[in-house]
Amino acid sequence: MLLHLHVKNLALIEETEVDFKEGLNILTGETGAGKSIIIGSINLALGQRISREMIRDESAPALVELVFEVNELCRCRLEEMDIPMEDNQVIISRRITGTRSVSKINGETVPAALLKRASELLIDIHGQHEHQSLLKKDKHLEILDAFAKAELEKPLAKVKSTFDEYRELRKRLEEFSSHGQNREREIEFLQYEIEEIENANLKPGEDEQLEQDYRRMQNGRKIIETLNAVYQLIGSDNDGNVSDCIGMAARELSALTGYDQKLEEMFEQIQELEGLLEDFNRDVSRYMEDCEFSEEEFQTTEERLNLINHLKSKYGGSLEEVLSYKELQEQKLSELIDYEAALQALKQKLENQESQLVKACQKTTSIRRKYARKLAEQIKTSLIDLNFLDVQFELELVQTNQYHANGWDEAEFLISTNPGEPLRPLGKVASGGELSRIMLAIKTILADKDEIETLIFDEIDVGISGRTAQKVSEKMAVIAKSRQVICITHLAQIAAMADQHFAIEKKAENQETTTQIRSLSKKEMVEELARISGGAQITETVRKSAMEMKAFADKMKAEN
C-alpha cells in the first residue's frame, strides 16, 4: 500500500506531501490545476522518462519519493531481488538534475530494470489512454494469461524454453544448409584453422609461464644489478655488511644471557634473525648463479609468446578458449565431411524439438480455453454491473500456424452491446467510454488474481456520465474494499465514494504559480462535490444535492 508521496521542484509543484490511506483515495481539481502532475510524479519515481523542462528550478534537483508498506509475500519477493528490507517498508526515491537522475530503493542505488521489476509488485497504474491498448489483440492474450497465471505460469515457461531451443536449432539447420552449398571451400577453411592451432602444440597455462619468464628476461640486467647491491649490503665478504654486524651483536649479547631471562630471550631472537639472513643470502647467491640470460632463449620465448597471442586474438581471449574453438571447428569439419548424415541428424533433432514444442503449446492452449470461458463470463457480469444493459461478450481463441514464445495462440475479445447485433471484434464496436469501462471491468477481475495492493486510475471515467457514472463509482468502491485505490476523477458520483478526498489546487502568489494538494474534511468534501456538480455558481440546491449524494454513497458502502 502506498503510504506517502513527497514531490519537490517538479513542474508546478514547489514542494508537497500526501499521506494516502486504505480504501478509495479520490483526487479532484479544476482543469489545469495539476492533477496529472501528481500521477506523473509517481510514474517518474517508478522510472518513467522525464523531460528536463519538468524541473521547476534548474538550479536545484527535483525529487520524488514514495513510501510503501508491503505484506509478507511481497517482502519475500523483493528480498529475492536482493532489495534490502526493514519493517516491511519500501522507500523508492528518484533525484533528478539537469544532467542525470538517480533512483534508489531503501537507500541503495538501483538500475532501471530492477526498479521496474520491483514496482510491478507494488503498484498498478491505469493511465488515461491505457484502455486504447484493448484495440490490440496482443493485449487480449496478455489479459487472458494474467487471469490464468496460477495454472498457466509453469506451462508457459516450458513453452518459452522449448521455443528458444527450437528457434536455435532451426537457425543452426539454416546455417548448416548454407554451408553445404560451399562445402569444399568451408572444409578447406576449417582444416586450415584446425592445423594452425594444432601446429602450435598449445598447453593450458603455458602463456602465463611464458609471460613470467619474458618479464624476468626482459628485466635481467636490472635484476642482477639490484641483487648485487642487496648482497653487498647484507651478505658479501666486505666489512660492515649487515650479516657481520648482526653476528657481532649476537656474540656480544651471548655474554649477558646468564644475568636475566629477558636478555636470553633477546639473544634467541637475534640468533633467529642471523639464521634468516643466512638463508636469505644463500637464496640471493643461488638466484644470481642461475640467473644467466641467453639472448637465444629470450628470442625463442618472445616468438612463442607472439604466436600464442596471435592465436588468442583470432580464436579466443585465452588458451582454453582457443582449444575449445578448435574442438568446435573439428566438430563442424566432421559434420561437413559426412554432410548428409549430419544434415539428417540435425533435421531429426529439430523434428523432435518441434514435437516437444507442439505438446507444450497444446497444454497451454487447453488451459487458455478453460480460462477463456471463465474470463469472458466474469467480464460480461462486470460489464452488466457497469451499466451495459444488454451485452454479450466472448473471448475467441485461435490456433495459428506460427510458433512464438507464448505458444501458437491468438486471442480476441468479441462484444455485442445491442440486442440482435452479432458479436464483433471489440476494436470495431466499442467507443472510448465503453473501452474505459471494459478496462475497469478487467482490472477489477485481475485485481483478485494478483497480490498488488495499490491500484491507480487516472481519469477512468472518460466518456461516461449519469447512471453509468454511478455504476462505475459502485465498482470502484467494491475494488477499494480489498485494495487501496487512488483515483483522479472529474465526476461527482465517483468522488462521492471517497474514503479520503484530496483537492488539487493551483495558486498564484508573488508572480509565481504553484500546485498544492490538501486532504478534505467531511464538510469540504461536500463543497468539492458541489463545485464539480454545479460549475461556476454553487447554489444551495446544488450544495444540498451534493450532501445527498455523499450520504447515499456512504450508505451504499456501509451496506455492501
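All heavy atoms count here, side chains included; hydrogens, waters and symmetry mates do not.
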N-O pairing of [X] and [Y] below 4.0 Å:
X: Arg172; Y: Glu168; value: no
X: Lys326; Y: Glu330; value: yes
X: Asp124; Y: Arg483; value: no
X: Arg75; Y: Glu79; value: yes
X: Asp164; Y: Lys160; value: yes
X: Lys312; Y: Glu321; value: no

Do [X] and [Y] meet the criterion of a side-chain donor-acceptor pair at a distance under 3.5 Å?
X: Gln356; Y: Tyr166; value: no
X: Gln348; Y: Asn352; value: yes
X: Tyr315; Y: Gln329; value: no

[atom1] ([X]) with more than 12 external heavy atoms under 6.0 Å:
X: Glu58; atom1: CD; value: no
X: Arg56; atom1: CZ; value: yes
X: Glu303; atom1: CD; value: yes
X: Lys314; atom1: NZ; value: yes
X: Glu22; atom1: CD; value: no
X: Met81; atom1: CE; value: yes

Using a 4.5 Å cut-off on heavy atoms from C-beta on, say whether the side chain of [Y] contacts that of [X].
X: Ile504; Y: Ile38; value: yes
X: Val110; Y: Lys116; value: no
X: Lys347; Y: Glu351; value: no
X: Val90; Y: Leu122; value: yes
X: Glu165; Y: Ser161; value: no
X: Leu46; Y: Ile123; value: yes
X: Asp145; Y: Lys149; value: no
X: Phe502; Y: Gln500; value: yes

Heavy-atom donor-acceptor pair, [X] side chain to [Y] backbone, under 3.5 Å:
X: Ser101; Y: Arg95; result: no
X: Arg94; Y: Leu44; result: yes
X: Ser324; Y: Glu320; result: yes
X: Glu206; Y: Lys203; result: yes
X: Asp57; Y: Ser59; result: yes
X: Asn9; Y: Ala60; result: yes

Query raised in the report: How are the rings of Tyr371 and Phe147 set relative to one another: parallel (under 30°), tilted (30 to 60°) or perpendicular (over 60°)?
Result: perpendicular
Determine the minimum heavy-atom distance between [X] and [Y], stating which atoms define it.
X: Lys363; Y: Pro155; value: CE-CG, 4.1 Å
X: Ala45; Y: Ile92; value: O-CG2, 3.5 Å
X: Leu78; Y: Ala118; value: CD2-CB, 3.9 Å
X: Val159; Y: Cys361; value: CG2-N, 4.0 Å
X: Trp408; Y: Val358; value: CH2-CG1, 3.8 Å
X: Val64; Y: Ser41; value: CG1-O, 3.2 Å

Rounded to the nearest 0.5 Å, how far does [atom2] of [Y] lie from [atom1] of [X]?
X: Asp458; Y: Ile125; atom1: CG; atom2: CD1; answer: 9.0 Å
X: His404; Y: Asp138; atom1: NE2; atom2: CG; answer: 8.0 Å
X: Leu455; Y: Leu446; atom1: CG; atom2: CG; answer: 10.0 Å
X: Asn25; Y: Thr454; atom1: CG; atom2: OG1; answer: 9.0 Å
X: Asp82; Y: Glu108; atom1: CG; atom2: CD; answer: 9.5 Å
X: Lys104; Y: Glu65; atom1: NZ; atom2: CD; answer: 10.5 Å

Report task. Report the C-alpha distance between Leu2 and Ile42 in whole Å, list the side-chain angles of each, state the deciding distance to 0.1 Å, and finish with yes or no for side-chain contact (heavy atoms from CB on, under 4.5 Å). Result -> CA-CA 10 Å; Leu2 179 60; Ile42 294 174; 4.1 Å; yes
Requested in this report: Report the C-alpha distance between Gln191 and Ile187 in whole Å, list the side-chain angles of each, state the deciding distance to 0.1 Å, and finish with yes or no for side-chain contact (heavy atoms from CB on, under 4.5 Å).
Outcome: CA-CA 6 Å; Gln191 286 174 335; Ile187 288 174; 3.8 Å; yes
Query raised in the report: Under the side-chain contact (heavy atoms from CB on, under 4.5 Å) criterion, do Leu10 and Met54 qualify, and how do the steps go?
Result: CA-CA 6 Å; Leu10 190 68; Met54 288 285 288; 4.1 Å; yes
Query raised in the report: Run the side-chain contact (heavy atoms from CB on, under 4.5 Å) check on Arg368 and Leu141 step by step: do they pass?
Result: CA-CA 9 Å; Arg368 280 172 173 153; Leu141 187 66; 3.8 Å; yes
Run the side-chain donor-acceptor check on residues 11-21: report pairs under 3.5 Å with partners two or more places apart or on a different chain.
{"from": "Glu15", "atom 1": "OE2", "to": "His6", "atom 2": "NE2", "distance (Å)": "2.9"}
{"from": "Glu17", "atom 1": "OE1", "to": "His4", "atom 2": "NE2", "distance (Å)": "2.9"}
{"from": "Asp19", "atom 1": "OD1", "to": "His4", "atom 2": "ND1", "distance (Å)": "2.6"}

